Amino acid sequence: MQVKFVDLSRQYQELKTEILSAVDEVFASGWYVLGPKLEQFEYEFAEYCGVKHAVGVGNGSDALYLILDALDIGPGDEVITAPNSFIASAAAIARTGATPVFCDVGDDMNLDPAQLEAAITNRTKAVMPVHLTGRIAKMEQIQEIAGRHQIHVVEDAAQSVGASRKGKRAGCFGVAAGFSLHPLKNLFVHGDGGVVTTDSDGLANRIRQSRNHGLKNRDEAEFWGINSRLDEAQAAIGLIKLRHIDQWNNRHREIAECYSDALRGMFDVPMEGEDESGVYHRYMIQTLKRDDLAKHLAENGVETKVNYRVPLHLMPAAKELGYGPGSFPVCERLAKTILSLPVYAALDARESEYVVEQMLLYINQ
Ligand SMILES: *Cc1c(COP(=O)(O)O)cnc(C)c1O
């Protein structure tokens, strides 16, 4: 049996008729950018997250950049984030001219509030926790510390549409949150896409303007903006998928439970607190024999991935920041031990059982 790590075409086959008709409607309308589909998508996405505003943008990286820019973060400022993320988290900070500052993570693989305070300086303007794998960071503690130091909390919610903590969904904890709709995220469109959520009218207005060249109207730009918009066809696809996301997230949770029940005790499996509901955008186990296990699985038709193999502070791009091996021990240990198993809504029970079977075979060989 072959089990792919992701299989985007399966979801397409399920929704093909709906998607083609929605896209056809947009194409026939002749209105391709900043139109009614985007407005409706923004309305429904905001409602889904439980926030006042959603602003559709070109991708998740721009979503984060536009938030930081709208908070007037720039050269001389520092923004704290987790070192075990996708490169875009740190790159969005660097793009504003500010300095990315890393803070190690805890057992939940997310920014560790116990270490946050030590990373704050008088240049710190914001902390940007990443809800890695679709598990929400310890936001109450992070918000309490940020409040005391009067710094902004921005969520990197790229992997976490629909994840909740204490009954609140990703996107409504920080002053604003950036989501990605890239094909490798849990809610994806058929190309690049992103969303900013916020309760602030000021931030929402500013970002609506800055995603469209800073234009206030056809003729006047009030400040330098960029071009980063979620186009009508992608917004139409996003609208269709938003109606399925809870069902898909639930299926992710089912697969995760099946993996954890079978593998607990043999591997370090992801944990979940009583008041959390993660969306398992990725399901990561930890084992010292990671590379050997991945090889065994690959030889037996199970595709896996490492998210992520090189910590951000050890990337060549981050060299000037002055970190080195040993700077963030938990993150660096994770980079050597984590392995992501296939999780997607269209993965069937035979396949998830086969993954478990191969994992157990490896242990017992
Ligand atoms: C994917 C991702 C991003 C960037 O999103 P894009 O849409 O690819 O630009 C940012 N942060 C995290 C944690 C991500 O996983």
Side-chain angles (χ1 to χ4, degrees), residues 5-6 8 41 45 54-69 79-96 98 100 102-103 105 108-111 126-137 139 142 153-163 170-171 173-174 176-197 207 211 226-231 234-235 237-238 241 249 252 278-284 305-313 315 317-318 331 334-335 338 340 343-344:
F5 185 67
V6 286
L8 304 181
F41 176 77
F45 195 90
V55 184
V57 297
N59 54 68
S61 307
D62 283 355
L64 298 172
Y65 164 76
L66 288 167
I67 294 167
L68 298 174
D69 174 67
V79 178
I80 301 170
T81 194
N84 62 335
S85 184
F86 181 55
I87 187 68
S89 310
I93 299 167
R95 184 161 30 138
T96 66
F102 298 112
C103 170
V105 294
D108 61 351
M109 301 194 196
N110 284 328
L111 198 135
V127 54
M128 189 172 79
V130 180
H131 304 319
L132 201 74
T133 74
R135 178 178 189 181
I136 296 184
M139 295 309 287
I142 292 170
V153 178
V154 174
E155 300 170 70
D156 181 340
Q159 306 186 356
S160 57
V161 178
F173 292 90
F179 289 87
S180 168
L181 306 177
H182 179 274
L184 293 179
K185 311 295 170 169
N186 68 323
L187 178 76
F188 66 92
V189 295
H190 292 194
D192 277 307
V195 193
V196 171
T197 58
I207 292 169
R211 72 173 169 185
I226 63 171
N227 176 358
S228 183
R229 303 169 303 214
L230 182 66
D231 66 57
Q234 301 298 2
I237 294 174
K241 296 196 177 188
N249 284 342
H252 284 200
V279 294
Y280 294 93
H281 169 58
R282 292 286 174 255
Y283 180 92
M284 290 189 199
K305 293 269 188 273
V306 177
N307 307 98
Y308 301 94
R309 199 178 287 271
V310 182
L312 300 186
H313 65 286
M315 290 268 183
C331 162
L334 287 171
I338 48 171
S340 303
V343 172
Y344 40 101

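Every number for a ligand or one of its atoms is a count from 1 in the order of the listing. Everything numeric here is computed off the predicted structure, so don't read it as measured data.
- Under a 3.5 Å cut-off, the side chain of Arg211 and the backbone N or O of Gly56 do form a donor-acceptor pair.
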Could you tell me, for ligand 1, which of its N or O atoms are under 3.5 Å from any protein N or O, listing the pairs and their distances rounded to 0.1 Å?
unit_1: ligand 1; atom_1: 5 (O); unit_2: Ser180; atom_2: OG; d: 3.4
unit_1: ligand 1; atom_1: 7 (O); unit_2: Gly60; atom_2: N; d: 2.8
unit_1: ligand 1; atom_1: 7 (O); unit_2: Ser180; atom_2: OG; d: 2.6
unit_1: ligand 1; atom_1: 9 (O); unit_2: Gly60; atom_2: N; d: 3.4
unit_1: ligand 1; atom_1: 9 (O); unit_2: Ser61; atom_2: N; d: 2.9
unit_1: ligand 1; atom_1: 9 (O); unit_2: Ser61; atom_2: OG; d: 2.5
unit_1: ligand 1; atom_1: 11 (N); unit_2: Asp156; atom_2: OD1; d: 3.2
unit_1: ligand 1; atom_1: 11 (N); unit_2: Asp156; atom_2: OD2; d: 2.8
unit_1: ligand 1; atom_1: 15 (O); unit_2: Gln159; atom_2: NE2; d: 2.9
unit_1: ligand 1; atom_1: 15 (O); unit_2: Lys185; atom_2: NZ; d: 2.5

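- No donor-acceptor distance shorter than 3.5 angstrom exists from the side chain of Gln159 to the backbone of Arg282, with no hydrogens or angles considered.
- Using a 4.0 Å cut-off between a side-chain N of Lys or Arg and a carboxylate O of Asp or Glu, Arg95 and Asp62 qualify as a salt bridge.
- Taking the six-membered ring where tryptophan is involved, the planes of Phe179 and Phe45 are perpendicular, since the angle between them exceeds 60° and thus also 30°.
- Side-chain atoms of Asp156 do not come within 3.5 Å of backbone N or O of Leu132 as any donor-acceptor pair.
- The line from CG of Asp192 to CG of Leu181 is 9.5 Å long, rounded to the nearest 0.5 Å.
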